[in-house]
Amino acid sequence: MQVPIAVRPGVRAWPFPRLRTSVRAEVVIGCIAGLAVLYMVAAPLAMLLFSSIRATGNTLPFEATTFTLANYVKVFSSGLTYRLLLNTLWYAAGSLTLGLTLGVTFSWLFERTNIPGRTLLLTLIMTTLAVPGIVDGMAWVMLANPNNGVVNVVLRQLFHLGSEGPLDIYGVPGMIVVTGFSMVPSMYIMISGLFARMDPSLEEAGAMSGARFGTIVRRVTVPLLMPGLVAAAIYFFVVVSESFEVPAVLGMSQRIFVFSTLIYETTHPNSGLPDFGLASGYAMIQLLTSAGLIYLYGRATRNNARFGVVKGKGYRPRQVDLGPWRYVAFAAVLCYFALVTLTPFLVLLWTSFQPFFAVPSIAGLSHMSWSNYGKAFAIPGFRSSLSNTGLIGLFTVLTTLTLGSIVAWMAVRRPFRGSVIPDRLSFLVVATPSIVLGLALMFVYLWIPLPIYGTIVIIAIALSTRYLPFIVRLLSATLIQIHRELEESAHVSGASWPVMMAKIVVPLVIPTLWRGMLWVTAHTVREATLAVMLLTTSNLTFGAVLWLAWFHYTDIGMGAALSVCIVLVSGVLTFFVARTGLSSNRVESASSEPKGAAVLSPSVG
Amino acid sequence: MKSSFTKSWLASGAGVVMCAILAGCGGSAAPGPSGSTQPAVAGTASKPSGGQSAAAAAGLTPAQQTLYDAAKKEGEVIWQAGVLDQAADPIGKAFTAKFPGIKVSFNPINEPQVPAQVITEASSGSKVVKSVDLAHGSPTQFKPLLDRDLLLSADWASYGVDPSRVQVDGKWVINEDSVNLWIYNTQQVSAADVPKQWDDLLKPRFKGKKIVTNASAAGLSQLFLTMGDEKARAFLTALKDQDLVATKSKGPAREMITNGQAHLGISTVKDMVDLKKKGAPVDGVPALGPMERDERGWYIPKGVQHPNAAQLFVTWLVSDDGWKQQQKAGLDIATPCGVSEVAKYVCDSGLKYTDPKSAGLDLFAYYDKLDSYQDVAREVLQLKPQ
């Protein structure tokens, strides 16, 4: 029983019938999106490639210098490259294992079980989303440095230990722990939707067939989750490999270097100009690794119809009743929060009221004052940094979500030849060091007659380029679980592509869009590298102010004060989003009978 | 589902409103930290009243008056100085009070980043340097600009600038200097344990993350000048075996000593004096010397938008009036004896230091040498990726 689309209220037919007969709407929109992605990523990628074949010992890539392969020779013939790649592999794999394990655990608890106080717990876990890695690193140093880390001091007093340790946050294990913990909010955002959209009937069918729990997990649950988990793993592996902040605080201090430290060293010399050529050569390794990983991902999810669990029949994710264990789970999550979020936050809070960092004590109470907050708010341009950050956030959220939705749909549904190219292109930017991305954008917008250099628009474009891959991965993982029969039923019913997207796809991915919005907003607030690189008198951002406090003024009290502000803002934002749509249970269980399917194709399924 | 969908969109709208409120929190979206947010300055930016102008002009030499008139036509100056970031507003206001009609804008760009940005801007189609009109830095920082003939030379003497401050053929005006100093945490190191000579740093007492150094090895490279290559290498090798903690720069190292995470390390005399004033448990180790003395100053790139205003601003910054404003902001000089609290400490404590003059080298030869020594020191201390 098909109902003609025209008679359905609220559903409009494609308004340009002549156009529809000649060129399909998805092809036109896909091409526009592809061009937009190309516009955003072409400059950094071209600059990366160009720089890597320029002799740039004391020159910038676009200055009069020669073309050379010396950078590649140096990169590939040096034992240092391979040693640091091994370090990076160990660091990234460890962090990923911890972050993924915790992310999966929380996703399952919050999306598939009846754990009490979900909104509260979720807010508590996600509070650190907007906290930059440098703040995390510094907070953990205050807590667990071997000399006077607060936890060490307490442990030594309690157990009458020696004058050092017992904990030592410096080194690779410390880097893994801090990075793994800081990855959890982003990881949850990326993978929680997978659990929310899991169709329990498949697992129940397995159980009714006599399969044991382990078999069901291995044969049903894990395969269904696999595309999303692989996407998340690939994305975070590359991000961790590129990240610099935690290795700088906890690794460099012990002369432990990873690949990102090497790129930083090359681009931040003690004197003279950065060697962008050599840095680009190093970055090309990351780029090739990313390209390889994304290729493998593409192969693994080629037959993506296998992973579609949201179908026209309707699906109703059911919760697992934990019984009395739900209180144990509740307590465990609270303990995690106390250890990973609350304790570092309290140390930051204490430091923010002190003239300089000191181990919390009764005597320290007499030194408390608001002066660090006063100093922070008196930073020149602080007020305008708030308005700039708000505007940049709006632009970045709208751009990444709109473009990301189209690019992800094109990559998953592959409506025409080459429709995956924007997705693959956008991902390659993840591996481009921020400093190279910043230089590329600076140079491009100084040359082309578009007056956005020095404005907040150039930062918004830079951040949109940087965050697009995350949104595409996030939405791809969601779309891959939505069976194409829903869209086919819309098509059969006569709905045009834009109508189908608006009425079927978007409502089903609303919770994902919420998570994406939260992630992009939080990361816009915390981002500093690009904002500092593109800084002029008129585009100071909050992230740049925070960076100035920690790195430029090296004022720990002021940095702590700003960090406390960022945690509070992040907490409020997360709470707001958590109440509306962060936990997929709230929306997706309600939308378990997809509107589009019910209205447009009641006969299907 | 419908209600949920509607609710989501309502919430989405609320999210957008929240972003708009955040944007609104900053007041006007009009750009401009520092001077650009000062309505009084903006109001007088293009046409100051004759009375103001006459008052300001009083006491100016003809050359200064001509410069001021040209600067007023430009109407704005954009400046950068890492050490003065937090005092940018009062300094800008004080300048505008003295020279009405010139809007002062501050760019908090990082000092080492300026040359790459200036070269990029100067290489672009318009050849106009937009990010700064004048910048603060050391010879090693502005050398890439000097090598490309991208520094503006001015007749500073005609503006009344002390000739001893003018260096590099009028392309660099020295503003301040500082001297490095080993400092220690007085709660962690007893008076008896305070090092009296370099070898004391190698005692078991300071083994195991007790000594902090910065990743650039600043404050150690001069040992090659004073000890000689072989002895300096041997000393640094032994120092490395003390299991040092390393930080990216001197700032975090100073914080680590202040809060007791490390027991001693390298900072500056100025930082130590300031920390003591704040009541921090730190003190200096003047017996460990000679240390490095650094000079910093102002340079104006060629192709800037407001070259006359930039020259006027530099002239004012290094004048008594401008220096007072910088001192209020916490800036100080370390030499000669007695000119400041910092200089007094340097003299009274007997702290020895090296500089181009004491090394008998010209400015760039001295810094080139230190740079190469710094590289060796980083390698020996394993502060470089290897």
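Per chain, numbering begins at 1; letters A, B, ... match sequence-line order.
In terms of heavy-atom pairs under 4.5 angstrom with chain A, the leader among B:Q141, B:K278, B:Q117 is B:Q117. For chain A, the option among B:G279, B:A280, B:A246 with the highest count of heavy-atom pairs below 4.5 Å is B:A246. Chain B forms more heavy-atom pairs under 4.5 Å with one residue of A:L273, A:N87, A:D168 than with any other, namely A:L273. With chain A as partner, the option from B:K130, B:Q374, B:H263, B:Q188 having the largest number of non-hydrogen pairs under 4.5 angstrom is B:Q374. Chain A forms more heavy-atom pairs under 4.5 Å with one residue of B:S216, B:S131, B:P281 than with any other, namely B:S216. Heavy-atom pairs under 4.5 Å with chain A peak, among B:V212, B:I78, B:L244, at B:L244.
Neither the backbone nor the side chain of A:Q354 comes within less than 4.5 Å of any heavy atom of chain B. The contact between B:Q113 and chain A is made entirely by side chain atoms (from C-beta outward), counting heavy-atom distances below 4.5 Å. Using a 4.5 Å cut-off between heavy atoms, B:A262 contacts chain A through its backbone alone, with no side-chain atom that close. In this structure, chain A has no heavy atom under 4.5 Å from any part of B:D147. Heavy atoms of B:A215 lying under 4.5 Å from chain A belong exclusively to its side chain. B:P144 touches chain A through its side chain: at least one heavy atom from C-beta onward sits under 4.5 Å away, while N, CA, C and O do not. Within the 4.5 angstrom heavy-atom criterion, no atom of B:L145 approaches chain A. Looking at A:T351, there are no atoms closer than 4.5 Å to chain B (heavy atoms on both sides), in backbone or side chain. The part of A:N58 that comes within reach of chain B is its backbone (N, CA, C, O), which places non-hydrogen atoms under 4.5 angstrom from that chain.
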Show your reasoning for whether side-chain contact (heavy atoms from CB on, under 4.5 Å) applies to A:T59 and B:R148. CA-CA 10 Å; A:T59 55; B:R148 287 163 180 75; 3.9 Å; yes
Please walk me through it: do A:M138 and B:E255 pass side-chain contact (heavy atoms from CB on, under 4.5 Å)? CA-CA 11 Å; A:M138 295 301 287; B:E255 292 287 340; over 6 Å; no
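Between B:K384 and A:F257, the shortest heavy-atom distance links the atoms O-CE1, 3.3 Å. Between B:L383 and A:E265, the closest heavy-atom pair is O-OE2, 4.4 Å. Between A:F62 and B:T120, the shortest heavy-atom contact is CZ-OG1, 3.4 Å.
A:I556 is not listed as a side-chain neighbour of B:M256, based on a closest heavy-atom distance of 4.5 Å or more.
Few gaps surround NZ on B:K240; more than 12 heavy atoms of other groups in view lie less than 6.0 Å from it.
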